[in-house]
There are 2 protein chains.
Amino acid sequence: MKRILAVLVENHPGVLSRVAGLIRRRGFNIESLAVGVTDTPDISRMTLVVDGDEAQMQQVGRQLAKLIEVIRVIDLDASHTVARELALVKVLAEPAQRPQVLQLAGVFRANVVDVSPGALTIEVTGTHDKVEALISLAREFGISEVVRTGVVALQRGAGAVTFAEEEREYDADVLRI
Amino acid sequence: MKRILAVLVENHPGVLSRVAGLIRRRGFNIESLAVGVTDTPDISRMTLVVDGDEAQMQQVGRQLAKLIEVIRVIDLDASHTVARELALVKVLAEPAQRPQVLQLAGVFRANVVDVSPGALTIEVTGTHDKVEALISLAREFGISEVVRTGVVALQRGAGAVTFAEEEREYDADVLRI
């Protein structure tokens, strides 16, 4: 089963390598990973999509929470979560095929961000499945390159995962929301 | 100077940990990282934004290229690249403030993806600077949570970074485009 883990970490060199190493040693494959800064400049938020059952993921969550740079681990419940992904898809399209590719982009509310004589680059944002669907339809024309960000997610509603300054010094919690 | 590296890798457990470990040992801080599958299911594409000068980055590129799972390393020139990022921003907004937050989203062509009595979640896509600008304006209302994918990038035009099947077995090239 695919699960989404959000991990708040101190933005130190090496933290990514330690988190990735821990997950590898547990034998999980990371399907996607996105790491970006948060509103607090020295804290990054990692979003991992990992394949595993619930008991295994709880164990990984607890072990991640013990890493010194990890401030909080959040095991996100897909049914209360907004999850989105971004992809850039370069579609092969001779000028004669352009209208069809533009129509495909239109259906997905995707933007054309680059045009050249032989190709169009489409920027698409949405759920993992929406991005998959666009890529699968674009194959009909021929795809020359794809890059995907991996999924990022926030819980629905006004609730937020926050922490007090002093919590940085203790073992993190694993929150399930 | 910030540089964008794209790395095509065999999607094996452990590859992320090895790539992150190598970059850490060279003393670079990874500002953002996005890892997702490509159009070839067993190949992932990592996009790294790293701070470093050109000579250092060339060295890192060459060392990454020697890792057994790395198929290709691409040092992307910002002036010939489409680079995009996605962020979900949960903005604190009482019902009376909603029109102002919706107006902000409208200016950035961002979508409101969740509404609750105390907060709105905005999905924004664009360059790193555009995402920064929206976050900075949203601070006026109060931000409860932010998650960013990190930057992904493709070179402009019809050119593509491809490789032949047999290249998987050799040391990778470092391409500068």
Side-chain angles (χ1 to χ4, degrees), chain A residues 6 11-14 16-21 23-24 27-39 44-45 47 82 84-90 92 111 113-114 116-119 121 123 125 135 139 143-162, chain B residues 6 11-14 16-21 23-24 27-39 44-45 47 82 84-90 92 111 113-114 116-119 121 123 125 135 139 143-162:
Chain A
N11 189 13
H12 294 164
L16 175 62
S17 155
R18 274 189 284 282
V19 167
I23 291 177
R24 172 180 57 83
F28 292 111
N29 202 9
I30 300 173
E31 182 173 298
S32 79
L33 169 69
V35 187
V37 290
T38 63
D39 200 33
S44 293
R45 181 172 172 138
T47 311
V82 183
R84 290 289 186 276
E85 189 176 5
L86 166 73
L88 297 172
V89 186
K90 195 180 283 181
L92 299 172
N111 298 314
V113 290
D114 189 58
S116 67
T121 300
E123 167 204 289
T125 303
I135 291 174
R139 278 201 192 103
I143 291 176
S144 97
E145 261 187 306
V146 175
V147 61
R148 297 170 76 154
T149 57
V151 169
V152 291
L154 286 184
Q155 67 175 128
R156 291 190 179 276
V161 175
T162 52
Chain B
N11 188 14
H12 294 165
L16 174 62
S17 158
R18 274 188 285 280
V19 167
I23 291 177
R24 172 180 56 82
F28 292 112
N29 203 8
I30 299 174
E31 182 173 296
S32 79
L33 169 69
V35 186
V37 290
T38 62
D39 200 33
S44 293
R45 181 171 171 139
T47 310
V82 183
R84 291 289 185 278
E85 187 175 8
L86 166 72
L88 297 173
V89 187
K90 195 180 284 180
L92 298 171
N111 298 314
V113 291
D114 189 57
S116 67
T121 300
E123 166 204 289
T125 302
I135 291 173
R139 278 202 193 102
I143 291 177
S144 98
E145 261 187 305
V146 174
V147 60
R148 297 170 76 153
T149 58
V151 169
V152 290
L154 286 183
Q155 63 171 314
R156 290 191 179 276
V161 176
T162 52

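To find a chain, count down the sequence lines: A is the first, B the second, and so on, and within it residues start at 1. Predicted model, so just to flag it, every value in this text is computed and none were measured.
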- Item | Portion of B:Ile135 that has a non-hydrogen atom of chain A nearer than 4.5 angstrom | side chain
- Closest heavy-atom contact between B:Val89 and A:Leu154? N-CD1, 4.4 Å
- Side-chain heavy atoms of B:Val146 within contact of A:Arg45, under 4.5 Å: no
- Item | Options B:Thr38, B:Asp39, B:Leu92, B:Val37, ranked by heavy-atom pairs under 4.5 Å with chain A, top entry | B:Asp39
- Note on the structure: Taking every heavy atom of B:Ala158 against every heavy atom of A:Ser144, the minimum-distance pair comes out as O-OG, 4.2 Å
- Task: Look up atom CD in A:Glu145 and atom CD in B:Gln155, then write down how far apart they are to the nearest 0.5 Å.
- Result: 6.0 Å
- Looking only at B:Val35, B:Ile23, B:Ile143, the option with the highest number of non-hydrogen pairs under 4.5 Å against chain A is B:Val35
- Note on the structure: Cut-off 4.5 Å, heavy atoms of chain A, and the answer for B:Ser116 is side chain
- What pair of heavy atoms forms the shortest contact from B:Val82 to A:Leu88, and how long is it? O-CD1, 3.6 Å
- Note on the structure: If one checks every heavy atom of B:Asn11 against chain A at 4.5 Å, the contacting part turns out to be both
- Note on the structure: Of A:Ala34, A:Ala119, A:Gly36, the largest count of non-hydrogen pairs under 4.5 angstrom with chain B goes to A:Ala34
- Would you mind checking which part of A:Ala153 comes under 4.5 Å of any heavy atom in chain B, side chain (CB onward), backbone (N, CA, C, O), both or neither? backbone
- Item | Set of residues satisfying salt bridge (Lys or Arg N to Asp or Glu O under 4.0 Å) with respect to A:Arg148, sequence neighbours excluded | A:Glu85, A:Glu132
- Task: Could you list the residues that satisfy salt bridge (Lys or Arg N to Asp or Glu O under 4.0 Å) with B:Arg24, not counting sequence neighbours?
- Result: none
- Query: Can you tell if the side chain of A:Ile30 reaches within under 4.5 Å of the side chain of B:Leu16, non-hydrogen atoms only?
  - Reply: yes
- What are the two closest heavy atoms between A:Arg84 and B:Glu123, and how far apart are they? NE-OE1, 2.7 Å
- Task: Hey, could you give me the CG/OG1 distance between A:Leu86 and B:Thr125, rounded to the nearest 0.5 Å?
- Result: 5.5 Å
